[in-house]
S.K.: 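Below: one structure in structure tokens.
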Amino acid sequence: MKTAAEQQNLLKQAATWFVELQSEQCTDLLRQQFEDWLTENPAHSQAYFEIEQLWGDIDTLKGRDVPGLNDARAAGRRSWRKTSALFSALFACGLLGGAWWQHASAPQETYQTGIGERRTVVLGDGSSIQLNTATRLSVRMSWLRREVELQQGEALFDVAHRTWQPFGVAVGGIRISDIGTVFNVRRGAAGTAVAVLEGEVELRKESSWIGQNLRAGFSRQIDANGRWLPIQPATRERSLAWTDGQLWFDHTPLADVTAELERYHPVHFVLAAPELARQTVSGRFDTDDLKPFLLALEKILPVRVQQQKQTIVLHPR
């Protein structure tokens with residue numbers, strides 16, 4: 001037996017679906033999600049039936065002696081249809097507006113990690129988010145949808161499957177939409193990168209209605225200028241190296257390597273010569289110990305390391 005609050009929540013969900021399905025922008029994917037939601041639980045179909053009945057019962061107002069409606073009835077059936085259509089439209093707007101108000105008023109939680117820190121957050125729906133070092137994100141959850149904004153850093157998302165409650169991530173001018181999957185998102189100075197490990201997501205710029213799908217085993221990056229780069233293969237081992245405390249570089253410019261290391265250690269790198277920024281680094285390194293990396297750097301690149309407290313200067317040699 002459902003409580004009054006649970007029943008009200010179901011009716012809100014059903015009302016939102018009803019309004020969405022009337023929209024000209026309703027897509028085949030959305031209709032399929034509705035069908036999944038409808039068959040997920042008998043209570044869902046019952047709630048939707050009640051909303052349909054409520055909508056249909058608007059016409060019963062015609063039989064009631066309501067002050068102010070006699071003139072409308074006298075104007076003829078066509079005039080009443082216009083009034084009824086207007087009332088229905090207002091009713092739909094009220095439902096949708098109430099749904100968005102409920103989402104906008106839902107509490108927002110902020111999670112973050114310091115330099116060198118990692119943590120895992122489990123959301124109320126069972127989804128989990130692993131935050132890498134120097135990461136900050138906010139989460140807003142309601143019965144309408146689940147929204148995350150990644151302000152900085154990197155996070156691994158393992159999304160609980162809920163066909164009727166979309167999960168979205170906003171990061172660096174793009175939007176990632178999915179229903180239930182595993183993907184890694186990185187926001188850095190060079191842009192935003194997404195790697196899908198399980199399932200499939202849709203990527204789109206926040207200024208566009210058209211998205212592109214990205215499936216498991218592939219990654220894509222949007223650079224700092226907002227340009228999509230070609231889709232690349234992505235392995236779980238490389239995408240999740242940071243969760244094991246490792247950094248994986250593959251012909252990565254030294255400027256990007258030093259920027260990455262500054263996220264893991266309270267140091268600041270200075271390149272003493274501009275040409276050093278174009279030198280590239282390859283290999284896997286432990287994130288917890290900076291000294292072995294600096295020793296290896298002097299062996300694999302024509303550089304000399306000079307460290308003064310928290311400042312590390314790289315000189316050409």
Side-chain angles (χ1 to χ4, degrees), residues 108-123 127-139 148-158 169-174 176 182-195 197 219 221-224 236-250 252-272 276-277 279-298 300-301 303-315:
Q108 179 174 286
E109 299 287 343
T110 298
Y111 304 96
Q112 62 183 32
T113 53
I115 293 177
E117 179 188 5
R118 296 193 302 269
R119 65 178 294 194
T120 298
V121 175
V122 179
L123 305 182
S127 300
S128 67
I129 307 176
Q130 292 188 52
L131 284 71
N132 198 1
T133 177
T135 295
R136 184 176 67 250
L137 56 80
S138 60
V139 179
V148 177
E149 181 182 0
L150 178 63
Q151 287 97 17
Q152 68 177 49
E154 184 172 22
L156 173 66
F157 296 85
D158 188 345
V169 178
V171 50
I174 67 171
I176 307 163
V182 179
F183 59 95
N184 193 78
V185 184
R186 163 75 190 281
R187 182 177 186 179
T192 298
V194 181
L197 308 178
S219 66
Q221 181 176 347
I222 184 170
D223 67 18
R236 176 178 287 269
E237 182 182 20
R238 180 167 182 176
S239 299
L240 301 185
W242 65 266
T243 64
D244 294 325
Q246 292 187 324
L247 290 173
W248 189 326
F249 300 120
D250 183 10
T252 305
L254 185 57
D256 294 342
V257 171
T258 54
E260 182 71 3
L261 288 169
E262 289 177 350
R263 298 178 59 241
Y264 288 85
H265 301 276
V267 298
H268 175 61
F269 281 88
V270 176
L271 302 182
L276 290 180
Q279 294 286 338
T280 61
V281 177
S282 297
R284 298 176 66 171
F285 304 92
D286 192 339
T287 62
D288 295 331
D289 195 347
L290 187 59
K291 187 175 181 179
F293 172 81
L294 296 177
L295 292 174
L297 197 62
E298 289 185 312
I300 61 179
L301 291 181
V303 301
R304 178 174 59 86
V305 177
Q306 180 186 20
Q307 185 167 1
Q308 299 175 342
K309 295 183 178 180
Q310 301 306 110
T311 300
I312 299 175
V313 184
L314 302 182
H315 299 273

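In this chain, numbering begins with 1 at the start of the sequence shown.
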S.K.: Between the side chains of His268 and Glu262, is a donor N or O closer than 3.5 angstrom to an acceptor N or O?
M.R.: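 Per modelled atom types, His268 and Glu262 side chains form a pair under 3.5 Å.
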S.K.: If you compare all heavy atoms of Gly153 against all heavy atoms of Leu150, which two are closest, and at what distance to 0.1 Å?
M.R.: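 For Gly153 versus Leu150, the nearest heavy atoms are O-CD2, 3.9 Å.
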S.K.: Verify, without hydrogens or angle tests, whether Thr252 (side chain) and Asp250 (backbone) share a donor-acceptor contact under 3.5 angstrom.
M.R.: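 Confirmed, Thr252 side chain pairs with Asp250 backbone.
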S.K.: Taking Gln310 for its side chain and Pro266 for its backbone only, find out whether a donor-acceptor pair lies under 3.5 Å.
M.R.: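 Answer holds: yes.
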S.K.: Between atom CG of Leu276 and atom NE2 of His315, what is the distance when rounded to the nearest 0.5 Å?
M.R.: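 Here the interatomic distance stands at 9.5 Å.
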S.K.: So, His265 side chain and Ile115 main chain: donor-acceptor pair closer than 3.5 Å or not?
M.R.: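 Side chain of His265 to backbone of Ile115: no pair is present.
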S.K.: Any side-chain to backbone donor/acceptor pair from Gln152 onto Ala134? Under 3.5 Å, distance only.
M.R.: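 Yes: the side chain of Gln152 pairs with the backbone of Ala134.
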S.K.: Between Ile312 and Leu290, is the side-chain contact (heavy atoms from CB on, under 4.5 Å) condition met? List the steps.
M.R.: CA-CA 11 Å; Ile312 299 175; Leu290 187 59; 3.7 Å; yes
S.K.: For a quick test of reading the model, state the closest non-hydrogen atom pair linking Ser239 to Ala195 and the distance between them.
M.R.: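 Smallest interatomic distance, heavy atoms only, reads OG-CB, 3.6 Å.
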S.K.: Treating Thr287 as the side-chain partner and Leu247 as the backbone partner, does any N or O pair qualify as donor plus acceptor under 3.5 Å?
M.R.: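 No.
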S.K.: How far apart are the C-alpha atoms of Ile129 and Tyr111, what are their side-chain angles, what is the distance that settles it, and do they pass the side-chain contact (heavy atoms from CB on, under 4.5 Å) test?
M.R.: CA-CA 10 Å; Ile129 307 176; Tyr111 304 96; over 6 Å; no
S.K.: Between Arg187 and Gln151, is there a donor-acceptor pair closer than 3.5 Å when you use the side chain of the first and the backbone of the second?
M.R.: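 Confirmed, Arg187 side chain pairs with Gln151 backbone.
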S.K.: Could you check Leu197, Leu156, Val169 and say which one makes a side-chain contact (heavy atoms from CB on, under 4.5 Å) with Phe183?
M.R.: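 Only match with Phe183 under side-chain contact (heavy atoms from CB on, under 4.5 Å): Val169.
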S.K.: Which residues pass the side chain to side chain donor-acceptor pair (under 3.5 Å) test with Thr280, not counting sequence neighbours?
M.R.: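 Testing Thr280 for side chain to side chain donor-acceptor pair (under 3.5 Å), a comparison that skips the adjacent residues, returns none.
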S.K.: Could you check whether any side-chain N or O of Thr135 sits under 3.5 Å from a backbone N or O of Glu154, counting only pairs where one atom can act as donor and the other as acceptor?
M.R.: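 Indeed, once roles are kept as given, a pair shorter than 3.5 Å links the two residues.
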S.K.: Using modelled atom types and a 3.5 Å cut-off, is there a donor and acceptor pairing between side-chain atoms of Thr133 and backbone atoms of Arg263?
M.R.: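 It does hold such a pair.
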S.K.: Scan side-chain atoms only and decide if Asp286 and Tyr264 contain a donor-acceptor pair under the 3.5 Å cut-off.
M.R.: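 No, no side-chain donor-acceptor pair sits under 3.5 Å.
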S.K.: Assess whether side-chain contact (heavy atoms from CB on, under 4.5 Å) is satisfied between Phe157 and Ile176, documenting all intermediate values.
M.R.: CA-CA 11 Å; Phe157 296 85; Ile176 307 163; over 6 Å; no
S.K.: List for me each residue that meets salt bridge (Lys or Arg N to Asp or Glu O under 4.0 Å) alongside Arg284, sequence neighbours excluded, and say none if there are none.
M.R.: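 Checked Arg284 against salt bridge (Lys or Arg N to Asp or Glu O under 4.0 Å); matches are Glu237.
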S.K.: Are the side chain of Glu298 and the backbone N or O of Val305 linked by a donor-acceptor pair below 3.5 Å?
M.R.: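 Between the backbone of Val305 and the side chain of Glu298 there is a qualifying donor-acceptor contact (under 3.5 Å).
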S.K.: Identify the two heavy atoms, one from Thr120 and one from Ser128, that lie closest to each other, and give their separation to 0.1 Å.
M.R.: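 For Thr120 and Ser128, the tightest heavy-atom pair comes out as CG2-CB, 4.5 Å.
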S.K.: Do the non-hydrogen side-chain atoms of Leu314 and Leu297 ever get within less than 4.5 Å of each other?
M.R.: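 SC-SC contact between Leu314 and Leu297 confirmed.
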S.K.: Compare all side-chain heavy atoms of Arg186 with those of Trp242 and state whether any distance is below 4.5 angstrom.
M.R.: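 A side-chain contact is absent here, since even the closest heavy-atom pair is not under 4.5 Å.
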S.K.: Any side-chain heavy atom of Thr192 sitting closer than 4.5 Å to one from Val185?
M.R.: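 Yes. Closest side-chain heavy atoms under 4.5 Å.
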S.K.: Run the side-chain contact (heavy atoms from CB on, under 4.5 Å) check on Leu261 and Phe285 step by step: do they pass?
M.R.: CA-CA 10 Å; Leu261 288 169; Phe285 304 92; over 6 Å; no
S.K.: Looking at Arg118 and Gln130, would you say the former's side chain and the latter's main chain have a donor-acceptor pair under 3.5 Å?
M.R.: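 Side chain of Arg118 to backbone of Gln130, a donor-acceptor pair under 3.5 Å: no, none is there.
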